[in-house]
Amino acid sequence: MKKKAAHAAGKGLRGRDFVSVDDCSAGEIRSIFALASAMKSDRNKYRKALQGKMMALIFEKPSLRTRTTFTVGIKQLGGDSLLLTPADISLGKRESVYDVAKNLERMVDGIMIRTFGHGICTSMADHASIPVINGLTDHEHPCQAMADFLTVMEYKKNLRKLKLAYVGDGNNVAHSLMLAAAKLGGTLFLGTPPGYRPETRVMERCLDLAGESGATIVWTADPAEAVRDADMVYTDTWASMGQEGEAEVRRRIFSPYQVNRALFSLAKRDALFMHCLPAHRGEEVTDEIIDSPNSVVFTQAENRLHAQKAIMFELLRD
Ligand code: CP
Ligand code: NVA
């Protein structure tokens, strides 16, 4: 069955893509969390869950966490992976996205792709008959948001009662967090400079979703308003991969959004500090905060493994 038909027929996540958080319903996201938690507490039980399955991992940008957790995750499920870097396939130059998709669908069982333009990822998903997972594009980082909400729920139970805050750049990580919060029904304040707001169409989609879920999604230019009384404070790099040339300008614009003692002290005393990593210590966050007992950044990183194992299983299982 073709992917879109499987989706429409309500056949669960099997055979589908995970290109955006918006590819899953709130119920599907919750079932991924439940499976991820089960896999985290009993690794042995799932050691043959994807036996014989092969994932192609395409990386057009650097990675520590995504590469390691997909490679280790599929192995822990009894499958294997193959790394494809620009030096190997030179996507879009040596060969078109279409041709790469049409080759890989005959050789492997799933594709994870980290690339620049989101359209490259959606195009791979449209052309490949096998599941495609977004391992980060300029527009979204959905696997990160899954690991992040899994982490929040481990520490804070009732999501609906929480105020979550994201401060910094309205980027790929912010987009995926917004969509997840909008689906799951939490309150998320985004504090960004006016010129670096999340994209309007993502905000509009989140407001639509919030109408159904009861979520509250608020943008403000004021980092203090975003963080005040929050249960969680999240930040990310001010210059994402591909924006290195803007780093100096961005450092000046974003400095009021640094998560330091003064800003973090506005949040609740037991607020979590979160960051997708890699962190630029002394820029978006100070050592004092990222190394504090409130920081759960390495649990987030570990939860990439568990969340993605659950996603791969749901998409690739027979
Ligand atoms: N958070 C994250 O995706 O890390 P990597 O860039 O190291 O994969
Ligand atoms: N926004 C960052 C996330 C890195 C995991 C980037 O795209 O570089």
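Both backbone and side-chain heavy atoms feed into the values below; hydrogens, waters and symmetry mates do not. Just so you know, ligand 1 is whichever comes first in the structure, and atom 1 is the first atom listed for that ligand.
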Specify side chain, backbone, both or neither for H141, according to which of its non-hydrogen atoms lie closer than 4.0 Å to ligand 1.
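Contact part for H141 vs ligand 1: side chain (C-beta onward).
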
Who's the nearest protein heavy-atom neighbour of atom 2 (C) of ligand 1, and how far?
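In this structure, atom 2 (C) of ligand 1 has R304 NH1, 3.3 Å as its nearest protein heavy atom.
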
Does the N or O separation between R65 and ligand 1 drop below 3.5 Å for any pair?
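Yes; at least one N/O pair falls below 3.5 Å.
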
Geometry only, no angles: is P278 polar-contacting ligand 1 at N/O separations under 3.5 Å?
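No, P278 has no N/O under 3.5 Å of an N/O on ligand 1.
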
Kindly write out the residues that satisfy side chain to side chain contact (heavy atoms under 4.5 Å, CB included) with R261, not counting sequence neighbours, or none if the list is empty.
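Per chain and number, R261 pairs via side chain to side chain contact (heavy atoms under 4.5 Å, CB included) with E288.
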
Closest to atom 6 (O) of ligand 1 (judged by heavy-atom distance), picking from R114, Q144, H275, M241
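Looking at heavy atoms only, R114 sits closest to atom 6 (O) of ligand 1.
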
Under a heavy-atom criterion of less than 4.0 Å, does L277 contact ligand 1?
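Yes, that is the case, since the closest heavy atom of the residue is under 4.0 Å from the ligand.
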
Tabulation required: pairs of a nitrogen or oxygen in ligand 2 and a protein nitrogen or oxygen under 3.5 Å; columns are atom names and distance to 0.1 Å; otherwise 'none'.
| unit_1 | atom_1 | unit_2 | atom_2 | d |
| --- | --- | --- | --- | --- |
| ligand 2 | 1 (N) | N171 | ND2 | 3.4 |
| ligand 2 | 1 (N) | N172 | OD1 | 2.9 |
| ligand 2 | 1 (N) | D236 | OD2 | 2.6 |
| ligand 2 | 1 (N) | S240 | OG | 2.7 |
| ligand 2 | 7 (O) | N172 | ND2 | 2.8 |
| ligand 2 | 7 (O) | S240 | OG | 3.4 |
| ligand 2 | 8 (O) | M241 | N | 2.8 |

Could you tell me which atoms of ligand 1, counted from 1 in the order shown, lie closer than 4.0 angstrom to a heavy atom of L64?
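So the atoms of ligand 1 that pass are 5 (P), 7 (O), 8 (O).
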
Cationic N near anionic O, under 4.0 Å, [X] to [Y]:
X: E248; Y: R251; result: yes
X: D318; Y: R14; result: no
X: D231; Y: K163; result: no
X: D138; Y: K61; result: yes

Is L188 reachable from V21 through a run of hydrophobic residues whose side-chain heavy atoms are each under 4.5 Å from the next?
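Yes; L188 is reachable from V21 via cluster members.
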
Angle class for the F313/Y46 ring planes (parallel below 30°, perpendicular above 60°, tilted otherwise)?
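Because their plane-to-plane angle is over 60°, the rings of F313 and Y46 count as perpendicular.
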
Is the closest side-chain donor-acceptor distance between E140 and N172 under 3.5 Å?
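No, because no side-chain N or O of E140 sits under 3.5 Å from a partner of the opposite role on N172.
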
Do the two ring centres, one from F254 and one from Y196, sit under 6.0 Å apart?
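Yes, the ring centres sit under 6.0 Å apart.
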
